[in-house]
Amino acid sequence: MKPQKVTKAVFPVAGLGTRFLPATKSVPKEIMTLVDRPLIQYAIDEARAAGITEFIFVTSRGKSALEDYFDRAPELESELNRKGKTELLKVLEDTNMDSGAIAYVRQNRPLGLGHAVWCARRLIGDEPFAVLLPDDVIAAEQSCLAQMVEAYQETGGNMVAAMEVPPEKASSYGMLDIAEDRGSIVRAKGMVEKPKAEDAPSNLAVIGRYILDPKVLHNLHETKLGTGGEIQLTDAIAEEAGWGGTGVYGYRFRGMRYDCGSKAGFLQATVAFGMSRPDLRDEFTAYLNDMMAQLKAAE
Ligand code: G1P
């Protein structure tokens, strides 16, 4: 039997973004811009390309700029219309969500990623759903989530995006315990959240894209506080990897992932996306080459 279609996605965006202070004192981290689009727009575009039609945001206090971003801006639109700026009006179209396509639920206590997803349980109901962490920006020809939705047709169960990392990085990720490696898809027999290098069951890390069975919501309800005193999504998914569970699969996606939760990652993404934009490529690349030449000369 083919798995049910995935049409709902959860975007956990309640974090304080302290790593980007002072910017995040008044601007939600997800609104920070990569070239000229907020981080969250990249995740939304990726989800849309994968067939997602219902978008659930788990927010917190101080995130109202996010809600405004996805709302219509009548004054701005009529001004652009009046000036005949059709190109810009088209750019704005991607930011508009149909009424009812987007929902917000608040996480009123910072109890971790697992708790954030659990907060959306009533909106998800009893069907498979996706989770996208907007900090992980993935540049790919076919959207990473779309690749996963295709692979999920084969596996069903639960699927997480996966990527090899060096051992010393294991403590920053959920790490997969591999039962069977089939190439792009691996079947996992467990998952550990942020283990020490010596305790990591493999070097395959979980990246912030998930397709989950609703049983994970049930597990979250019972999940105890885990690593860092938080309710870990990893723990609730790991329960499905064991005997009698719905199954857990890692998917080695094709694409380049940027960790925009860190300053270095954000800067790398800015350079990569700047260089891949047709309207900026030439000028920006010439500048970077120039800068590298100057650095070399100064050595
Ligand atoms: C979260 C998850 C972790 C995953 C990571 C991917 O951690 O808890 O399992 O590997 O995202 O980016 P965070 O980076 O939010 O601490």
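Note that these values count all heavy atoms, side chains included, but never hydrogens, waters or copies made by symmetry. Remember, it's 1-based here, ligands and their atoms both numbered in the order they're listed. Computed from a prediction, not measured in an experiment: that's the story for all the values here.
Not a single protein heavy atom sits closer than 4.0 Å to atom 15 (O) of ligand 1.
At the shortest separation from atom 1 (C) of ligand 1 among protein heavy atoms lies L133 CD1, 3.9 Å. Annotation: atom 5 (C) of ligand 1 to nearest protein heavy atom, V206 O, 4.0 Å. The nearest heavy-atom contact from the protein to atom 12 (O) of ligand 1 is D136 OD2, 2.7 Å. Of all protein heavy atoms, the one lying nearest to atom 9 (O) of ligand 1 is E193 OE1, 2.7 Å. For atom 7 (O) of ligand 1, the closest heavy atom belonging to the protein is K194 NZ, 3.4 Å.
A salt bridge links E79 with R82: the closest approach of a Lys/Arg side-chain nitrogen to an acidic carboxylate oxygen falls below 4.0 angstrom.
For the 3.5 Å distance criterion, the side chains of Y69 and E30 fail to qualify, holding no donor opposite an acceptor. A donor atom on one side chain and an acceptor atom on the other are not found under 3.5 Å apart for E230 and H115. Under 3.5 Å, the side chains of Q107 and S60 contain no donor-acceptor pair of N or O atoms. Using modelled atom types and a 3.5 Å distance limit, the side chains of N81 and E77 yield no donor-acceptor pair.
Ligand 1 lies out of reach of G261, whose nearest heavy atom is not under 4.0 Å from it. For the pair T234 and ligand 1, a heavy-atom separation below 4.0 Å is found. Heavy atoms of R257 approach ligand 1 to within less than 4.0 angstrom.
Note: Y152 and Y249 fail the aromatic proximity criterion, with ring centroids not under 6.0 Å apart. Between Y258 and F266, the ring center distance fails the sub-6.0 Å criterion.
Ring-plane geometry between F11 and F55 is classed as parallel, the angle between the planes falling under 30 degrees on a 0 to 90 degree scale with a further cut at 60.
Interface atoms of ligand 1 facing G208, defined by a heavy-atom separation under 4.0 Å, are 6 (C).
Counting heavy atoms closer than 4.0 Å to ligand 1, residue M191 contributes nothing at all.
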